[in-house]
Amino acid sequence: MSNGDKTTPAILHARMRETVPLVQCITNHVAMNFAANVLLAAGASPAMVHAAEESGEFAATAGALTVNIGTLSPEWLDGMKAAAQSAHQVGRPWVLDPVAHFATGFRRQAIADLLEWRPTVIRGNATEIIALDGRPVAGHGVDSRDPVEYAEEAARHLAMTRNVIVAVTGVTDLVTDGHRAVRIFGGSPWMPQVTATGCALTCLVGAFTATEPSAPFDATVAALASFAAAGSAANTDARGPGSFAVNFLDTLHALDADGLEAGARIEHL
Amino acid sequence: MSNGDKTTPAILHARMRETVPLVQCITNHVAMNFAANVLLAAGASPAMVHAAEESGEFAATAGALTVNIGTLSPEWLDGMKAAAQSAHQVGRPWVLDPVAHFATGFRRQAIADLLEWRPTVIRGNATEIIALDGRPVAGHGVDSRDPVEYAEEAARHLAMTRNVIVAVTGVTDLVTDGHRAVRIFGGSPWMPQVTATGCALTCLVGAFTATEPSAPFDATVAALASFAAAGSAANTDARGPGSFAVNFLDTLHALDADGLEAGARIEHL
Amino acid sequence: MSNGDKTTPAILHARMRETVPLVQCITNHVAMNFAANVLLAAGASPAMVHAAEESGEFAATAGALTVNIGTLSPEWLDGMKAAAQSAHQVGRPWVLDPVAHFATGFRRQAIADLLEWRPTVIRGNATEIIALDGRPVAGHGVDSRDPVEYAEEAARHLAMTRNVIVAVTGVTDLVTDGHRAVRIFGGSPWMPQVTATGCALTCLVGAFTATEPSAPFDATVAALASFAAAGSAANTDARGPGSFAVNFLDTLHALDADGLEAGARIEHL
């Protein structure tokens with residue numbers, strides 16, 4: 001880890017809980033409830049404030065902002081832009097989740113507009129990151145069995161050229177700032193079967209960057225490690241995607257330093 | 001079943017899982033998360049894309065479209081119309097869920113506009129189907145203890161005159177194309193106690209019609225049978241509506257041909 | 001209780017279940033699904049109808065209206081105003097939930113506009129009630145360990161000057177009409193860890209005021225007591241916020257007069 005021992009996942013996790021950061025989440029309609037519950041369970045304070053009439057004003061007071069374009073509309077996009085601009089101007093970290101940004105012309109333009117406000121972190125799946133780096137993607141997805149391998153080059157390049165932390169999540173996760181890169185192992189095969197887990201993780205990255213704005217790389221790693229560890233623990237009793245999601249909120253709340261260590265493995269590349 | 005053995009619920013269910021159809025769901029705010037989780041648990045791929053700026057473009061690429069007017073607004077209605085028009089024009093199946101379409105003038109006009117794009121399937125409760133056939137309904141509902149009996153004539157007539165598959169769901173379900181009709185038995189008394197089960201079922205009908213666009217009648221029967229069978233299985237351990245909903249996602253995911261057979265009974269009228 | 005024995009929580013609870021009141025809830029995007037499930041589990045009939053094009057028309061037919069500004073936008077605010085005006089004009093009870101009304105200029109104006117339509121009940125946390133009475137609040141909150149103590153004076157004063165029932169909820173709850181005041185004890189420490197519990201409670205207050213429009217004070221007390229009793233019962237098996245929320249819907253559905261008595265204690269001040 002950069003910053004040596006002060007920004008390990010366990011230390012950042014403990015500090016996040018202690019400080020209960022206020023995170024403004026402009027996320028999609030599917031994720032809204034689950035993401036708020038994930039932040040509460042993790043120990044942060046979510047605030048879903050999206051309208052352009054107040055999103056910029058609010059972003060100046062929140063610890064971090066997260067923006068997810070899953071269920072986009074012109075009105076919501078205006079609110080996202082106002083919030084991103086405000087976060088950028090006051091120097092607050094903000095996280096972009098470019099859901100299916102390649103799927104329609106409306107999304108392609110939206111993501112181009114949002115990128116102008118220089119997100120601190122971009123979190124997406126392999127296909128989204130590859131496409132965001134301007135590379136061709138086939139139809140609706142890359143083989144998700146090894147997204148890290150497929151997206152690593154794109155993620156590194158995107159991080160370098162955009163000066164942003166890039167997190168690619170899937171069976172394993174990758175975080176890179178273009179120079180450094182780590183992989184995170186853990187989680188549960190049920191996670192992709194529960195809608196909005198990725199979107200909720202984006203909000204959690206916001207909570208960790210709010211905790212340690214000066215080390216967004218380490219903060220992102222810590223967020224992903226926490227999520228993976230809670231997922232590993234929730235896997236035990238799950239009988240399907242329904243019970244997994246319930247368990248996950250319980251294990252995320254119960255997570256401590258030992259659980260973090262046991263449930264997520266971090267590999268420096 | 002029409003098309004003989006090739007479109008039984010078990011075969012369509014297996015094929016749906018294998019093909020993981022992309023279903024565009026424009027549904028209401030209450031149903032959004034649960035419907036997405038139902039599609040994932042069943043084995044389909046949900047995409048909630050609603051804004052008029054992209055809904056038509058997206059509908060041309062999805063396997064099926066579903067439209068639900070539960071929490072209607074002018075902006076969402078524009079997106080629904082654009083998507084329905086697109087699905088109609090490219091010949092993709094689409095499913096209409098006319099939630100409380102008789103409740104206000106705004107809804108009455110909305111449903112008239114949407115019907116012009118000729119849905120493949122209409123799914124509603126008895127009151128909604130009776131009212132959609134232009135018959136008077138008393139206040140907020142028909143006696144829900146026997147909706148099939150009350151709505152059967154209206155459903156057949158509506159199916160004939162609109163050239164559409166009509167699904168009436170309740171304690172038992174009815175599917176008709178005006179000529180053929182089947183009843184589906186199964187499910188759980190907890191289902192009406194969990195919000196958005198009907199809305200989620202509409203999305204599942206979309207997944208099955210995407211799987212077998214040439215046999216929407218059989219696809220609808222298969223969707224309803226799957227839902228009923230998962231509901232029967234989920235009923236066992238439920239202690240109330242909360243645990244039932246969790247169980248239901250688990251049992252829907254675990255559903256196989258034997259479970260389908262055991263948990264849903266189909267009667268040809 | 002006022003009205004003597006006829007409006008005890010147990011009697012109002014039984015009558016609410018019997019009459020299944022239709023409650024129009026204009027609530028935030030986070031709360032939508034959970035609030036609908038809470039009303040269904042409690043025995044009421046939720047209807048989420050928010051657009052200005054129909055919200056006023058619908059409010060004239062519903063038993064009560066609830067308005068929550070959690071995820072506000074200009075379009076939704078128009079719908080809230082139209083519904084509040086309609087409820088006021090036809091003399092139907094309506095409940096206002098002024099979520100973070102002090103956080104931005106947009107919210108401050110919105111709440112001022114909504115108050116003009118004279119809500120029957122206002123439900124908020126201590127900070128919201130104190131700020132609504134025009135008193136200064138520090139940053140994002142009052143110490144939540146004793147919100148009743150901090151907010152009691154403000155609640156009484158607000159109730160008097162606005163001629164409204166005020167409910168302050170937290171670890172213990174307070175209900176006052178400016179003259180009378182009661183505290184309600186019960187619930188679970190998991191409740192603030194589950195998003196939208198307060199918002200859902202606002203909707204439940206709507207269900208009880210619809211049941212007994214002539215005694216909104218007693219109706220509010222009964223709603224809060226039901227919620228607290230179900231929370232107490234749900235606490236037993238909970239392993240975290242995820243399983244608590246599931247249990248809560250189960251226990252709310254199972255609640256009877258004995259459970260109400262056992263799980264909530266009412267103290268007249």
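Residue numbers start from 1 in every chain, and the chains themselves are labelled A, B, ... in the order their sequence lines are given, proteins ahead of strands.
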| B:Asp237/A:Arg239 salt bridge by N-O under 4.0 Å criterion | yes
| said: Taking every non-hydrogen pair under 4.5 Å, which of A:Pro74, A:Ala31, A:Ala196 racks up the most with chain B? | reply: A:Pro74
| query | Of the backbone (N, CA, C, O) and the side chain (C-beta and beyond), which part of A:Val246 lies under 4.5 Å from a heavy atom of chain B, both, or neither? | reply | side chain
| message | Over 60° means perpendicular and under 30° means parallel, so tell me whether A:Phe248 and A:Phe227 are parallel, tilted or perpendicular. | response | perpendicular
| note | In terms of heavy-atom pairs under 4.5 Å with chain A, the winner among B:Met48, B:Glu57, B:His29 is B:Glu57
| message | I'd like to verify something: which residue of B:Ala51, B:Gly79, B:Ala35 has the highest number of heavy-atom pairs under 4.5 Å with chain A? | response | B:Ala51
| query | Judged by modelled atom types alone, do B:Asn235 and B:Ser188 share a side-chain donor-acceptor pair under 3.5 Å? | reply | yes
| Short side-chain donor-acceptor distance under 3.5 Å, B:Asn33 and A:Asn33 | no
| query | Judged by modelled atom types alone, do A:Asn68 and A:Thr202 share a side-chain donor-acceptor pair under 3.5 Å? | reply | no
| Who among B:His50, B:His253, B:Glu54 has the most heavy-atom pairs with chain A under 4.5 Å? | B:Glu54
| Residue selection (most heavy-atom pairs with chain A, distance under 4.5 Å) from B:Leu249, B:Asn37, B:Thr27 | B:Asn37
| field | Atom pair CG (B:Leu114) and CD1 (B:Ile69), whose distance is rounded to the nearest 0.5 Å | value | 7.0 Å
| Part of A:Trp76 lying under 4.5 Å from any heavy atom of chain B | neither
| message | I need the residue from A:Gly242, A:Ala245, A:Gly70 with the largest number of non-hydrogen atom pairs under 4.5 Å to chain B. | response | A:Gly242
